[in-house]
Amino acid sequence: MKKLMLGNAAFARGAYEAGVTVAAAYPGTPSTEITETIAKYDEVYAEWSPNEKVALEVAVGASIAGARALCCMKHVGLNVAADPLFTASYTGVNGGLVIIVADDPGMHSSQNEQDSRFYARSAHLPMLEPADSSEAKEYAKRAFALSEKYDTPVIVRSNTRVSHSQGLVDIEDREDVPLKPYVKDIGKYVMMPGMARQRHIVVEQRMKDLKADADTLEFNTTEYRDKSIGIITSGVVYNYVREALPDASVLKLGLIYPLPEKLIRDFAQQVDKLYIIEELEPFFENQIKAMGIEATGKALFSVQGEYSVNLIAEKIAGKRMKASEPGSLPQRPPVMCPGCPHRAVFYTLNKLGLTATGDIGCYTLGALPPHAGIDTCICMGASIGNALGMEKARGKEFTRKLVAVIGDSTFFHSGLTGLADMVYNDSVGTVIIVDNSTTGMTGHQHHPGTGKTVKGEIAEAIDIAALACAMGVKHVRIVDPFDLKELEKVLKEETAREALSVVITKRPCVLLDKKYILPPFTINENCTQCGACLKLGCPAIIKTAQGMTIDASVCTGCGLCAKVCAFSAIETAGN
Ligand SMILES: Cc1ncc(C[n+]2csc(CCOP(=O)(O)OP(=O)(O)O)c2C)c(N)n1
């Protein structure tokens, strides 16, 4: 049976059909739906882990215990998981272990454009890259057998386009894969120097074997057409190449590390002019040139952003294919949603002349006007370490004007250790945990504080306030951010205090439930057009030539604007 499937659903299907029984992940666009899909299969234990490192450790544990295990993340998640990744390469697997990592060329929803292929190379792991949903399923499935055959974790690389487009997928039955016996083997699974030295030899041999087999493994295909132009490519770019240059010969790489050297040499010999077309870094190009093969790649193509059919047609054949490209659509800058509880926090920070070391989540939008309330955003969890570093560099006085702002999911992901550092190293800073009871940015996933699992089952909810107290923070306060007066008072007191404090601004994301959406507000004749409400940066409030209005189709009735209006000019029929 064939089914139209999102790339990410196809990855999940492939893992399911391969008999996976344990799947662990932390959400991250564009990888999130893989776990959301696999969680729907009853045969699979699935979890949102607190972060990618834990997710990979869970998957490694399941693999050592004999199960086929899956771990998914976005590209930057692999940085967080890099520690277990590099050593899991040494231990190898028992049950097949597959890590799906989704890159984001063009940074649709990421803080950098890193190329995860380098992880395969530096951790000495094989990497596969599908070009569409059909291959996403196939590769995810076959990766488990590959993992077991070569006793190695296998990375499957996706990207935004493969993960988020749909294609036809062959639906097959789930393989019945029994648990492998669990055998205690400290030489293989306890990586201390004596054992790891031996395992490093095994890793080198494994990669030699894989390299020797790469030429014949079914993932790489050569398509000879007109031989005046030959293209080496992989993944979604293969589709662009086929559309832009339908007559060109193509070597499509599916196993993208290690490279099939003989296949590449043969192909290079057969074509007159060889191009290497790969988004992001010259990963293939540098290796192919190191083989002594002449080719053109980054001399024509950028290391930045996504490629397209047009770009490839233009660069190689000097022709344009399509009239319009996504780039020609009007730009819409991101804004916090109407009714977002984070808005009240940044409004108040701005009012008090405070700014923040920031973190990653919906609240990062607080960096933009009119709030301009965030000075840094590096990676998940960094707000707390950044604030501590600033305090130590510039003195305690600096913390009176600076706070750290971090979301609830991000706090569990990697804020806990930063807070431990603040407690331990005598910080007097203020950490604001903007707790909207969900992982908002990636589409409402559960986390250890929400009280539900990825399957929607009831879980123990960790109490952030109790946790901060237990860690030794003496001043922990919870405030409803929509109580603007109280929020202002608390922030004034805590930033003035010469002691570490945690302020938890607690109010659910307005999009979590329809019940949070109330009748819209309107502006009455009392309006003096003072512009106070505009300081909220709410997309529902619009200034027109006729005066201020509220777009009823956008307003969620949160009423924050009515609270900041000094003229009682904003009202609702609903209250
Ligand atoms: C290492 C890493 N993993 C995952 C992501 C994707 N991501 C960005 S923000 C975020 C969490 C946001 O949740 P929260 O901190 O609760 O803030 P909210 O968006 O709800 O305001 C995630 C998972 C990332 N940027 N980096």
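All values below were derived from every heavy atom in this structure, side-chain atoms included, with hydrogens, water molecules and symmetry-related copies excluded. Atoms within each ligand, like the ligands themselves, are counted from 1 in listed order. What you see is a predicted model; the values in this text were computed from it and never measured.
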Next item on the list: Dump the intermediate steps for side-chain contact (heavy atoms from CB on, under 4.5 Å) on Ile100 and Leu70, then the final yes or no.
Entry: CA-CA 8 Å; Ile100 303 180; Leu70 176 71; 3.7 Å; yes
Margin query: For Ile360, is there any backbone N or O sitting under 3.5 Å from a side-chain donor or acceptor partner on Thr410?
Written below: yes
Item checked: Partners meeting salt bridge (charged side-chain N to carboxylate O under 4.0 Å, His left out) with Glu47 (sequence neighbours left out) -> none
Next item on the list: For residues 70-89, pull every pair meeting ring-ring contact (aromatic ring centres under 6.0 Å, His included), keeping only residues two or more places apart or in separate chains.
Entry: none
Note to self: Test your reading of the model: is there a side-chain donor-acceptor pair from His446 to the backbone of Thr438, 3.5 Å cut-off?
What the structure shows: no
Margin query: The criterion is side-chain contact (heavy atoms from CB on, under 4.5 Å); which residues satisfy it with Leu146, sequence neighbours excluded?
Written below: Leu128, Tyr150, Val154, Leu217, Phe219
Notebook entry, point to check: In order of chain and number, which residues sit within 4.0 Å of ligand 1 by heavy atom?
Noted result: Tyr26, Pro27, Gly28, Glu52, Lys74, Val76, Gly77, Val80, Gln111, His342, Ile360, Gly361, Cys362, Tyr363, Met380, Gly407, Asp408, Ser409, Thr410, His413, Asn436, Thr438, Thr439, Gly440, Met441, Thr442
